[in-house]
Visitor: 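Would you mind keeping the following structure in view while I ask a few things?
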Amino acid sequence: MRDPDEIYTLTSDAAGVPEGLHLVAGLTGFADAGGAVSQFTEYLLATLEHEVIAEFDADLLLDYRARRPIIYFDQDHLTDYQPPRLRLYLARDEIGQPFLLLAGFEPDFRWEQFTAAVLDLVSRFTVSSTTWVHAIPMPVPHTRPIGVTVSGNRTDLIESMSVWRPHTQVPANALHLVEFRLQEIGAWTIGYVLLIPHYLADTEYPSAALSALESTSASTGLIFPTDRLREKNREFIGRIDEQVGENPELAKLVGTLEERYDAYMEGNTLRSPLTDEDGALPSADEIAAELEKFLATRRGRDDGQQP
């Protein structure tokens, strides 16, 4: 395997990183339901003090044609090209506790080399634990707390937090491989899969970011400012509840999800919160189509058109 050092560069600030910090990670590019990971990492970088301590080489790790960067066209010339970034930061939480944050794009190439590089950084900085988050769409209602599936070797957190523990094969994220390799060497690692309502998977759902922050706090003890995000979430939920309340079909679908969720959480014989005994559950497409139809009607009314 190629030398992991060739895909990243340490900055001068790396020399001042204390030993024994928690590593928190979230990479974008795959199954980011509700914009959970992008909101989570952007919120941390926007609200916390931080500095870059390592940068990965995008030219080696990223497929630019699959995920084209954005450049701004200003009338007759190009401006403001923002290249994709994958960086390791030293950040400080709300009360000044330092931690490491790995954020940016998920690599398209050289997963083994990337994983070896992360493990090299874990060893270099004597990382005490690695926590990472991602999110997938599930047929669950927005009126109930976001559930998580927990993986890794922190059995205390798995027992206390993991609401769904399937036996299944899933498409891997690069951080799945990092978690797998960390487990092989006996390093503490925890992965959170946030279970986001299907019909909100393509939105920026603030509750998803809040769940990511709260889950990360549970495994690291870090304290994050959440007031601004909670206010944003209250406004978002208010708009969704208004739309559901004005559409009987959508309200019925959400009500069915609530019944399935509550029955599952009460510990009945359902194998998962996804289906009842007959498998009768509104699909994601049905819910999304109903919501889209209602929103289209609303837009028509706002534009002065007849529904």
Side-chain angles (χ1 to χ4, degrees), residues 1-10 21-33 36-38 40-41 44 53-67 84-89 99-138 148-155 157-158 161-162 164-196 212 215-216 219-220:
M1 185 176 64
R2 296 184 176 102
D3 184 354
D5 289 348
E6 76 178 28
I7 64 170
Y8 72 90
T9 303
L10 293 173
L21 301 183
H22 295 289
L23 170 61
V24 176
L27 304 181
T28 59
F30 174 72
D32 187 17
V37 176
S38 56
F40 170 62
T41 55
L44 290 178
I53 62 170
E55 178 143 12
F56 287 82
D57 189 339
D59 282 350
L60 295 177
L61 299 178
L62 183 69
D63 182 349
Y64 285 90
R65 292 196 300 172
R67 288 186 280 177
R85 303 288 191 190
L86 175 53
R87 290 170 163 172
L88 182 66
Y89 302 86
F99 68 99
L100 299 173
L101 174 65
L102 179 63
F105 64 85
E106 179 190 9
D108 292 303
F109 307 119
R110 303 195 184 192
W111 276 23
E112 288 288 0
Q113 191 178 15
F114 169 72
T115 298
V118 174
L119 266 64
D120 181 57
L121 291 166
V122 165
S123 176
R124 178 188 294 271
F125 298 121
T126 320
V127 166
S128 61
S129 73
T130 300
T131 295
W132 70 285
V133 296
H134 70 125
I136 60 174
M138 295 282 275
V148 295
T149 290
V150 187
S151 60
N153 50 19
R154 286 284 304 274
T155 55
L157 294 173
I158 293 170
M161 297 180 66
S162 192
W164 187 47
R165 307 179 193 181
H167 295 276
T168 188
Q169 294 179 320
V170 296
N173 181 299
L175 290 177
H176 279 119
L177 182 56
V178 171
E179 178 185 314
F180 185 74
R181 298 291 186 227
L182 286 170
Q183 287 186 125
E184 286 185 326
I185 63 174
W188 290 114
T189 180
I190 190 82
Y192 293 111
V193 185
L194 311 180
L195 310 178
I196 306 300
S215 298
T216 300
S219 55
T220 63

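These numbers come from a predicted model, not from an experiment.
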Visitor: Look only at the side chain of Asp32 and the backbone of Ser38, and say whether a donor-acceptor pair between them is shorter than 3.5 Å.
Guide: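 Here the side-chain-to-backbone pair exists.
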Visitor: Between Leu10 and Leu88, is a side-chain contact (heavy atoms from CB on, under 4.5 Å) present by the stated rule, with each step listed?
Guide: CA-CA 9 Å; Leu10 293 173; Leu88 182 66; over 6 Å; no
Visitor: Please work out whether the ring planes of Tyr8 and Phe56 are parallel, tilted or perpendicular, with thresholds of 30° and 60°.
Guide: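 Tilted, since the angle between the ring planes falls between 30° and 60°.
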Visitor: Rounded to the nearest 0.5 Å, how far apart are OG1 of Thr41 and CG of Leu27?
Guide: 8.5 Å
Visitor: Tell me whether Arg65 at atom CZ has more than 12 heavy atoms from other residues, nucleotides or ligands lying less than 6.0 Å away.
Guide: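 Count not over threshold, so no.
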Visitor: Any chance you could measure Arg181, atom CZ, to Thr130, atom OG1, to the nearest 0.5 Å?
Guide: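 Those atoms lie 15.0 Å apart.
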Visitor: Which distance, rounded to the nearest 0.5 Å, do you find between the CZ of Arg67 and the OG1 of Thr28?
Guide: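 Rounded to the nearest 0.5 Å, the CZ-OG1 separation comes out at 6.5 Å.
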Visitor: Any side-chain to backbone donor/acceptor pair from Ser123 onto Leu119? Under 3.5 Å, distance only.
Guide: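 It does not hold such a pair.
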Visitor: Looking at side-chain heavy atoms only, is the closest gap between Pro137 and Ile196 below 4.5 Å?
Guide: no
Visitor: State whether the side chain of Glu106 and the backbone N or O of Ala174 hold a donor-acceptor pair below 3.5 Å, judged by distance alone.
Guide: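 Answer holds: yes.
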Visitor: Keeping the roles fixed (side chain from Asn153, backbone from Gln183), state whether a donor-acceptor pair exists under 3.5 Å.
Guide: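 Between the backbone of Gln183 and the side chain of Asn153 there is no qualifying donor-acceptor contact (under 3.5 Å).
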Visitor: Which heavy atom in Gly152 sits nearest to a heavy atom in Ile158, and how many Å separate them?
Guide: O-CD1, 3.7 Å
Visitor: Any chance you could measure Asp120, atom CG, to Thr115, atom OG1, to the nearest 0.5 Å?
Guide: 12.5 Å
Visitor: If every non-hydrogen atom of Leu62 is compared with every non-hydrogen atom of Pro84, which pair is closest and at what distance?
Guide: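 Nearest pair, atom of Leu62 first, then Pro84: CD2-CG, 3.3 Å.
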Visitor: According to salt bridge (Lys or Arg N to Asp or Glu O under 4.0 Å), who are the partners of Glu55, at least two apart in sequence or on a separate chain?
Guide: Arg85, Arg87
Visitor: Show your reasoning for whether side-chain contact (heavy atoms from CB on, under 4.5 Å) applies to Leu194 and Ile136.
Guide: CA-CA 6 Å; Leu194 311 180; Ile136 60 174; over 6 Å; no
Visitor: Using side-chain contact (heavy atoms from CB on, under 4.5 Å), reason through Val24 and Phe40 one step at a time and then give a plain yes or no.
Guide: CA-CA 11 Å; Val24 176; Phe40 170 62; 3.7 Å; yes
Visitor: For residues Leu23 and Leu101, report the shortest heavy-atom separation together with the two atoms involved.
Guide: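 Nearest heavy atoms, Leu23 then Leu101: CD1-N, 4.4 Å.
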Visitor: Locate the shortest heavy-atom distance separating Ser219 from Arg154; write the atom from each residue and the value.
Guide: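 Shortest heavy-atom contact: O-NH1, 3.5 Å.
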Visitor: Rounded to the nearest 0.5 Å, what's the gap from CD1 on Ile190 to CG on Leu182? Could you check?
Guide: 12.0 Å
Visitor: Look at the side chain of Arg2 and the backbone N and O of Ile7, then say whether any donor-acceptor pair between them is shorter than 3.5 Å.
Guide: no
Visitor: Can you tell me how far apart NE2 (His22) and OG1 (Thr220) are? Round to the nearest 0.5 Å.
Guide: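 Rounded to the nearest 0.5 Å, the NE2-OG1 separation comes out at 5.5 Å.
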Visitor: Taking the side chain as everything from C-beta on, heavy atoms only, tell me whether Arg110 gets closer than 4.5 Å to Leu60.
Guide: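 Answer yes - side chains close enough.
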Visitor: What pair of heavy atoms forms the shortest contact from Leu86 to Pro107, and how long is it?
Guide: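 Distance-wise, the nearest heavy atoms are CD2-CG, 4.0 Å.
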Visitor: For a side-chain contact (heavy atoms from CB on, under 4.5 Å) check, start with the C-alpha distance between Trp132 and Leu102, then their side-chain angles and the critical distance, and finish with the verdict.
Guide: CA-CA 9 Å; Trp132 70 285; Leu102 179 63; over 6 Å; no
Visitor: Can you tell if the side chain of Val193 reaches within under 4.5 Å of the side chain of Trp164, non-hydrogen atoms only?
Guide: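 Val193 does not reach Trp164 side chain to side chain.
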Visitor: Which pair of heavy atoms, one from Asp63 and one from Asp108, lies closest together, and at what distance?
Guide: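 Residues Asp63 and Asp108, closest heavy atoms: N-OD2, 2.7 Å.
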Visitor: Are the side chains of Phe114 and Val178 in contact, using a 4.5 Å heavy-atom criterion?
Guide: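 Yes, close enough: below the 4.5 Å cut-off.
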